[in-house]
A.B. asks: 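Have a look at this one.
Within every chain, numbering begins at 1; the chains are lettered A, B, ... in the order of the sequence lines, protein sequences first and strands thereafter.
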Number of protein chains: 2
Amino acid sequence: MLSFAEENYLKTIYHLSLGGEKNVSTNAIADTLNTKPASVTDMIRKLSKKSVINYKRYRGVEISEDGKKEALKVIRKHRLWEVFLVEKLKFSWDEVHVVAEQLEHIKSPLLIKRLDEFLGFPKFDPHGDPIPDENGEILNKPKVALSKLEVNEQGIVVAVKDSSSLFLQYLDKIGAYLGAKIKVNDRIAFDGSLEITIDNKKTVFISKEVAENILVTD
Amino acid sequence: MLSFAEENYLKTIYHLSLGGEKNVSTNAIADTLNTKPASVTDMIRKLSKKSVINYKRYRGVEISEDGKKEALKVIRKHRLWEVFLVEKLKFSWDEVHVVAEQLEHIKSPLLIKRLDEFLGFPKFDPHGDPIPDENGEILNKPKVALSKLEVNEQGIVVAVKDSSSLFLQYLDKIGAYLGAKIKVNDRIAFDGSLEITIDNKKTVFISKEVAENILVTD
DNA sequence: ATTAATATTTAGTCTTATCTAAAAATATTT
DNA sequence: AAATATTTTTAGATAAGACTAAATATTAAT
């Protein structure tokens with residue numbers, strides 16, 4: 001059984017290992033967890049002993065199959081709780097993360113089974129990220145940045161790259177909710193900004209940077 | 001801010017201080033928490049420094065006003081989560097406690113406010129214990145053991161003294177749910193057992209011991 | 001009122017998770 | 001390829017929460 005801290009490290013390693021390189025560096029882990037590299041080395045030892053990661057000194061870590069399973073369990077819990085908070089308790093997009101960080105560590109398989117049922121077996125969390133099933137399988141539709149669409153193409157908002165409060169609040173303000181349909185009307189050659197129409201109602205301009213941080217599918 | 005462990009100690013001290021003596025002994029705390037007296041002394045020091053209890057060496061502890069408030073906050077969370085588990089997630093009486101022990105430590109005032117709303121501002125938990133409000137106020141109807149009723153009197157099941165799984169499962173079996181109306185038909189002089197009718201439907205015999213562990217109000 | 005029994009505290013140790021400072025290994029630059 | 005910079009690890013400390021064993025207070029019993 002993993003401790004809270006161990007679960008957090010493992011989750012971080014899993015997330016980092018999705019971003020390119022398969023070997024995750026000590027510093028990268030320390031940075032995302034706001035701890036010191038020395039602490040990371042200590043924890044890595046423990047996780048390695050529990051064989052949820054593979055580790056060679058000075059060579060970074062690779063998550064094992066077992067570790068991936070454990071990480072996905074935590075991520076499943078996190079995302080299910082986020083759905084609960086938004087759909088049942090009327091939390092806004094940007095308020096859920098901190099609370100879900102705590103709830104994800106509650107140990108009770110029955111609780112998660114029943115929560116899943118209660119929520120109607122959701123497949124995506126409020127940020128549009130897929131919820132792993134009990135076996136750790138993830139449904140993965142191809143996602144593309146809004147900035148990559150051609151003029152007159154459209155897509156459904158399914159996720160964001162930047163999930164800072166500031167960004168999510170901005171999206172709320174312009175009405176670019178999860179599930180919103182966005183059509184690209186025009187691309188301004190000067191700065192790459194876009195004129196878009198949201199849900200066939202509102203037409204706004206967004207910067208290139210914003211468009212790069214909104215992910216859509218068709 | 002109190003840690004998980006500190007919250008658990010404080011909750012225990014609060015509960016113990018309701019049972020008669022105002023000064024709670026080191027051993028009593030150790031017994032209910034399944035720790036050793038030496039560990040209790042250590043923790044008592046910490047809690048005393050945070051002024052949630054008053055402590056004099058060898059004289060046991062008394063919970064302070066601040067401490068009472070903190071304890072009631074935790075108890076409020078515990079009982080609200082129990083309502084959620086039973087009413088929304090279809091947990092049975094005897095499954096909720098262990099999970100609520102974990103959920104009660106989640107730190108988010110907003111979460112509890114919204115949960116309370118979502119549940120319709122319940123006043124009692126599934127065991128019939130009152131839920132403190134945001135200010136720590138408890139609604140307290142006088143409760144009496146079923147064994148104390150006269151023949152032909154009746155009452156509503158509002159709580160149990162023994163909340164072990166075995167007992168709760170037995171109550172479920174005979175249909176003596178929270179809120180059930182129980183009428184005492186007869187008292188057997190030989191062993192003090194009772195013949196009762198539950199919800200005007202089912203008539204069963206229960207032992208004196210069982211009757212002493214069911215609490216009712218009128 | 002001593003003695004015996006019980007309760008409580010102290011002293012010292014362990015584990016988990018963190019830190020700082022220094023040493024060692026790896027990467028990068030010139 | 002030697003020198004420099006960066007990354008990672010080691011060594012040693014600290015704080016929380018728990019433990020055992022021994023010492024000290026308090027309470028009960030003769």
A.B. asks: Rounded to whole Å, how long is the line connecting atom CD1 of A/Ile29 with atom P of C/dA17?
C.D. replies: 15 Å

A.B. asks: Inspect the contact between B/Lys11 and B/Glu104 and indicate whether a charged nitrogen and a carboxylate oxygen are less than 4.0 angstrom apart.
C.D. replies: yes

A.B. asks: Expressed as a whole number of angstroms, how long is the span from A/Leu2:CG to C/dT15:P?
C.D. replies: 19 Å

A.B. asks: Taking B/Lys68 first and then B/Glu65, would you say they form a salt bridge - that is, a charged N and a carboxylate O separated by under 4.0 Å?
C.D. replies: yes

A.B. asks: Look through every strand shown and name the nucleotide pairing with C/dT20 as Watson-Crick or G-U wobble, where both distances are under 3.5 Å.
C.D. replies: D/dA11

A.B. asks: If you measure from the Lys or Arg side-chain nitrogens to the Asp or Glu carboxylate oxygens, is any gap between A/Arg76 and A/Asp116 under 4.0 Å?
C.D. replies: yes

A.B. asks: Please name all residues satisfying side-chain hydrogen bond (donor to acceptor under 3.5 Å, both in side chains) with A/Glu95, sequence neighbours left out, ordered by chain then number.
C.D. replies: A/Ser92

A.B. asks: Quick test of your reading of the model: are A/Asp66 and A/Lys50 salt-bridged, counting only N-O distances below 4.0 Å?
C.D. replies: no

A.B. asks: Applying side-chain hydrogen bond (donor to acceptor under 3.5 Å, both in side chains) to A/Asp125 and A/His78, what does each step give before you reach the verdict?
C.D. replies: CA-CA 9 Å; A/Asp125 79 7; A/His78 183 102; over 6 Å; no

A.B. asks: With a 4.0 Å limit, can you tell me whether A/Ser3 has a side-chain N or O closer than that to the phosphate oxygens OP1/OP2 of C/dA17?
C.D. replies: yes

A.B. asks: D/dA16 C1' sits how many Å from B/Met43 CE, rounded?
C.D. replies: 8 Å

A.B. asks: Does OP1 or OP2 of C/dA17 have a side-chain N or O of A/Lys46 closer than 4.0 Å?
C.D. replies: yes

A.B. asks: In plain terms, say whether B/Glu212 and B/Lys148 are close enough for a salt bridge, that is, a side-chain N and a carboxylate O under 4.0 Å apart.
C.D. replies: no

A.B. asks: Mind listing the residues from residues 6-13 of chain B sitting with a heavy atom below 4.0 Å of DNA chain C? Number order is fine.
C.D. replies: none

A.B. asks: I'd like to compare against my own output: the B/S/- annotation of nucleotides 6-14 of chain C with a strict under-4.0 Å heavy-atom distance to protein.
C.D. replies: -SBBB----

A.B. asks: B/Met1 has an atom CE; how far is it from atom P of D/dA16, in whole Å?
C.D. replies: 16 Å

A.B. asks: Regarding B/Glu7 and B/Lys107, does a basic nitrogen lie under 4.0 Å from an acidic carboxylate oxygen?
C.D. replies: yes

A.B. asks: Can you tell me the distance, in whole Å, between the NZ atom of A/Lys36 and the P atom of C/dA22?
C.D. replies: 16 Å

